[in-house]
Each structure stands twice: as structure tokens, then as C-alpha cells.
Amino acid sequence: MRISQLLLAACLGLGVQLAQAEPEQAIRQSLTALQPNLAIESIAKSPLEGLYQVQLKGGRVLYASGDGQFVMQGYLYQVKDGKASNLTEKAENVAVARQINGLDRNQMIVYPAQGETKAHITVFTDTTCPYCQKLHAEVPELNKRGIEVRYLAFPRQGMGSPGSKQLEAVWCAKDKPAALNQMFTGREVKSESCQNPVAQQFALGQNMGIQGTPAIILADGQMIPGYQPADQLAEAAIGAR
């Protein structure tokens, strides 16, 4: 079930139990009844009185009433001094940044910056994706501008697809950056099968709501869907340090 299908959902069969339960328990019961495998990281009061913030694994945020009978997905804004601040987006970015920046670099394919490292980006990629190929061609320019590029695998057609097999071959290669360069230029990569993180990284991307590639994550957790030229991307990356 997609998260959007949870909007304004009521767990009618749990009415009495939810009314008597503590808010966190009631909300967990409600969401588990709707989607048993929903990965909830935390539940806490939101800035809006009477509304609770549900942090999901991967960074996305839901909101729920204290009795768990109403659940919604959407942006919560705070308007102050005539300016609107997107509190939902800020919370999601913090959670994504914490998760992405906490990943083991040894599981990534990394193209380091030349000279001083000014910022880094993390890219969910698929070697069968034309715009991923276009972005990869600009990695040397990004590196010259001080941007470290970190790759994660995201076979957009799912595990078992031609894209996933290509990515597994790259991640099993002895020289992973060279293998990725080779695969992006249309040359076959032959490598022994091995334990690899492709399925795990694909699942991570799905939890973050990624649906296509390239999906670019800045250091502060902002997500840029799709290709951007090197000059624009470098500017955004440096601004997000």
C-alpha cells in the first residue's frame, strides 16, 4: 500500500482500544492495522497542538491524531512574520541526511573531489538510465569543482532486471569506479558474483520515496530528482553543506 493511501484513514475496529491507549500506542496500532510492514522510527508531538508526527524509516513523515483514528500525509507549514516555513520538509531532510551520511562509504562507489573537498552528493543510479549516463559524464567536472560524488545502486525496474544485474556486476568488480565508468559507456563488465549491497540500497531508496534515477541527495538531506548540469549541481551542493 502506498503511503498516500493512508490519508484520513480510520481504524474503525480499534475504536475503544485506541480511545483508551496512550497516543504513541494508539497511533502504532492504527498504522500497523493499515500496513503491517510500515517501518516507524519514532512518534512525537508535532509543533501543531493535538497533532503527532510519525517519522518513518527512510525519512518520510506522516501526521496522526492522538487517538490514532486520523492519519494524514502532507506538508505542515508554520507562518511567522509573513513567511511560511515548511516544517515537514525540514524534518524529512534531517532524517534523510542522518541516514545517508551514516552509510558505510565502503558500500558506495566514490569519486573523490580534486583538491579541497567543498561538499559531497550521494546519487542513486542505474546504469541503464540515459540521464544517469549524462550525469556520470559530468562527474569529472564536479570533482574539479570540489564535489565528491558517492554512488548508491537503484535498479529502477527492480531486482532481477537487466539494470540490477549490471549494478551487481559493478559492485562485485575489484575496481568499482573503473567498472562503473565502463558500464556507463556501454561496455560489458564481467565479474565474479559476490555478496553485494544492491538489494539493500534499492530498498533504502524505496523507503525514501525514490521512484526514478538519478536521484541526488545533498549533504543536508535535500533531494534533487533527475539530472542537473555540473555548474548548477555544484552550487547547490556547496550551499547545502
Side-chain angles (χ1 to χ4, degrees), residues 1-10 23-24 26-28 30-31 34-35 38-103 118-125 131 135 147 149-150 152 154 156 201 203-229 231-241:
M1 179 186 294
R2 291 173 58 85
I3 297 298
S4 59
Q5 291 175 280
L6 300 178
L7 299 179
L8 298 178
E24 181 173 350
I27 293 168
R28 284 185 183 274
S30 179
L31 292 176
L34 288 167
Q35 189 171 339
L38 190 64
I40 300 172
E41 284 197 342
S42 64
I43 298 173
K45 290 182 178 180
S46 81
L48 179 61
E49 185 176 354
L51 195 65
Y52 286 77
Q53 181 171 304
V54 183
Q55 185 75 57
L56 302 181
K57 184 177 180 181
R60 288 179 290 177
V61 168
L62 299 177
Y63 296 100
S65 59
D67 60 8
Q69 293 190 53
F70 295 91
V71 180
M72 61 175 289
Q73 180 186 27
Y75 289 133
L76 177 63
Y77 289 89
Q78 180 181 30
V79 180
K80 190 174 182 180
D81 298 328
K83 296 182 179 180
S85 177
N86 190 329
L87 301 183
T88 306
E89 187 172 68
K90 287 182 178 179
E92 291 180 339
N93 288 349
V94 168
V96 168
R98 181 175 63 247
Q99 194 154 10
I100 286 291
N101 294 330
L103 293 176
K118 299 178 181 178
H120 69 264
I121 61 173
T122 304
V123 183
F124 284 89
T125 195
Y131 282 100
L135 176 63
I147 309 302
V149 179
R150 307 171 179 178
L152 297 174
F154 191 85
R156 56 206 169 110
Q201 292 176 3
L204 173 63
Q206 287 181 309
N207 283 337
M208 290 182 174
I210 292 171
Q211 297 179 343
T213 53
I216 304 163
I217 312 294
L218 305 183
D220 65 356
Q222 291 182 65
M223 186 181 300
I224 300 175
Y227 164 83
Q228 280 200 4
D231 55 348
Q232 294 180 24
L233 189 52
E235 183 179 356
I238 292 171
R241 288 182 301 175

**Student:** Nearest 0.5 Å, please: how far is CG in Asp81 from CD in Gln78?
**Tutor:**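 Here the rounded value is 9.5 Å.
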
**Student:** For Tyr131, does the OH atom have more than 12 heavy-atom neighbours from other residues, nucleotides or ligands under 6.0 Å away?
**Tutor:**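 Incorrect, the count does not exceed 12.
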
**Student:** Might you confirm whether atom CD of Glu235 has over 12 heavy atoms from other residues, nucleotides or ligands at distances under 6.0 Å?
**Tutor:**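 Result for CD/Glu235: open.
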
**Student:** Any chance you could measure Glu92, atom CD, to Gln222, atom CD, to the nearest 0.5 Å?
**Tutor:**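 With rounding to 0.5 Å, CD (Glu92) is 12.5 Å from CD (Gln222).
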
**Student:** For Ala26, is there any backbone N or O sitting under 3.5 Å from a side-chain donor or acceptor partner on Asp67?
**Tutor:**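 No, Asp67 side chain to Ala26 backbone: no donor-acceptor pair under 3.5 Å.
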
**Student:** Nearest 0.5 angstrom please: Leu31 CG to Leu62 CG, how far?
**Tutor:**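 Spacing of CG (Leu31) from CG (Leu62) equals 6.5 Å.
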
**Student:** Just jot down the side-chain contact (heavy atoms from CB on, under 4.5 Å) partners of Ala119, sequence neighbours excluded, or say none.
**Tutor:**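 Testing Ala119 for side-chain contact (heavy atoms from CB on, under 4.5 Å), a comparison that skips the adjacent residues, returns Ile147, Ala237, Ile238, Arg241.
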
**Student:** Look up atom CZ in Phe124 and atom CG in Leu152, then write down how far apart they are to the nearest 0.5 Å.
**Tutor:**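 The CG atom of Leu152 is 4.5 Å from CZ of Phe124, to the nearest 0.5 Å.
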
**Student:** What's the shortest heavy-atom distance between Gly59 and Ala95, and which atoms?
**Tutor:**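 Distance-wise, the nearest heavy atoms are CA-CB, 3.7 Å.
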
**Student:** Yes or no on side chain to side chain contact (heavy atoms under 4.5 Å, CB included) for Ile210 and Met223, after CA distance, side-chain angles and deciding distance?
**Tutor:** CA-CA 9 Å; Ile210 292 171; Met223 186 181 300; 4.0 Å; yes

**Student:** If we only count heavy atoms from C-beta on, is the Gln99 to Lys57 side-chain gap below 4.5 Å?
**Tutor:**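 Counting from C-beta outward, Gln99 and Lys57 do come under 4.5 Å.
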
**Student:** Considering non-hydrogen atoms only, spot the tightest contact between Ser30 and Val71 and give its length.
**Tutor:**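 Closest pair (atom of Ser30, atom of Val71, distance): OG-CG2, 4.3 Å.
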
**Student:** Determine the minimum heavy-atom distance between Ala91 and Gln53, stating which atoms define it.
**Tutor:**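 That closest heavy-atom pairing would be CB-NE2, 3.7 Å.
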
**Student:** Look up atom CD1 in Ile217 and atom CD1 in Ile100, then write down how far apart they are to the nearest 0.5 Å.
**Tutor:**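 Here the rounded value is 5.5 Å.
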
**Student:** Would you say the side chains of Tyr77 and Thr88 form a donor-acceptor pair under 3.5 Å?
**Tutor:**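 The answer is no; no qualifying pair exists.
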
**Student:** In chain order, what residues pass the salt bridge (Lys or Arg N to Asp or Glu O under 4.0 Å) check against Glu41, with sequence neighbours excluded?
**Tutor:**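 Arg98.
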
**Student:** Do Val149 and His120 have side-chain heavy atoms sitting under 4.5 Å apart?
**Tutor:**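 No, too far: nothing below the 4.5 Å cut-off.
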
**Student:** Between CZ of Arg150 and CD1 of Ile121, what distance do you get to the nearest 0.5 Å?
**Tutor:**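 Answer rounded to 0.5 Å: 10.0 Å.
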
**Student:** Okay, side chain of Ser46, backbone of Leu51: is any donor-acceptor separation there less than 3.5 Å?
**Tutor:**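 Yes: the side chain of Ser46 pairs with the backbone of Leu51.
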
**Student:** Check whether any side-chain heavy atom of Tyr52 sits under 4.5 Å from a side-chain heavy atom of Lys45, and report yes or no.
**Tutor:**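 When only atoms from C-beta onward are counted, Lys45 and Tyr52 do touch, with a gap below 4.5 Å.
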
**Student:** Determine whether Leu135 and Leu233 make a side-chain contact, defined as any pair of heavy atoms from C-beta on separated by less than 4.5 Å.
**Tutor:**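 In contact.
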
**Student:** Look at the side chain of Arg60 and the backbone N and O of Gln55, then say whether any donor-acceptor pair between them is shorter than 3.5 Å.
**Tutor:**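 No; judged by distance alone, with no hydrogens or angles, the pair does not exist.
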
**Student:** Ile27 vs Ile43, test: side chain to side chain contact (heavy atoms under 4.5 Å, CB included). Steps then yes/no.
**Tutor:** CA-CA 8 Å; Ile27 293 168; Ile43 298 173; 3.8 Å; yes

**Student:** So do Val61 and Leu56 actually touch side chain to side chain, heavy atoms under 4.5 Å?
**Tutor:**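 Answer no - side chains too far apart.
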
**Student:** Any chance the side chains of Lys90 and Ser85 put a donor and an acceptor closer than 3.5 Å?
**Tutor:**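 Side chains of Lys90 and Ser85: pair found under 3.5 Å.
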
**Student:** To check you understand the geometry: which heavy-atom pair defines the closest contact between Pro214 and Val123, and what is its length?
**Tutor:**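 So the minimum-distance heavy-atom pair works out to CB-CG1, 4.0 Å.
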
**Student:** If every non-hydrogen atom of Ala97 is compared with every non-hydrogen atom of Asp220, which pair is closest and at what distance?
**Tutor:**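 The pair with the smallest heavy-atom distance is CB-C, 3.6 Å.
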
**Student:** Does the pair Lys83 and Val79 meet the rule for a side chain to side chain contact (heavy atoms under 4.5 Å, CB included), with working shown?
**Tutor:** CA-CA 5 Å; Lys83 296 182 179 180; Val79 180; over 6 Å; no

**Student:** Write down the atom of Ala64, the atom of Val54, and the distance for their closest heavy-atom approach.
**Tutor:**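 Where Ala64 meets Val54 most closely, the heavy atoms are CB-CG2, 4.4 Å.
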
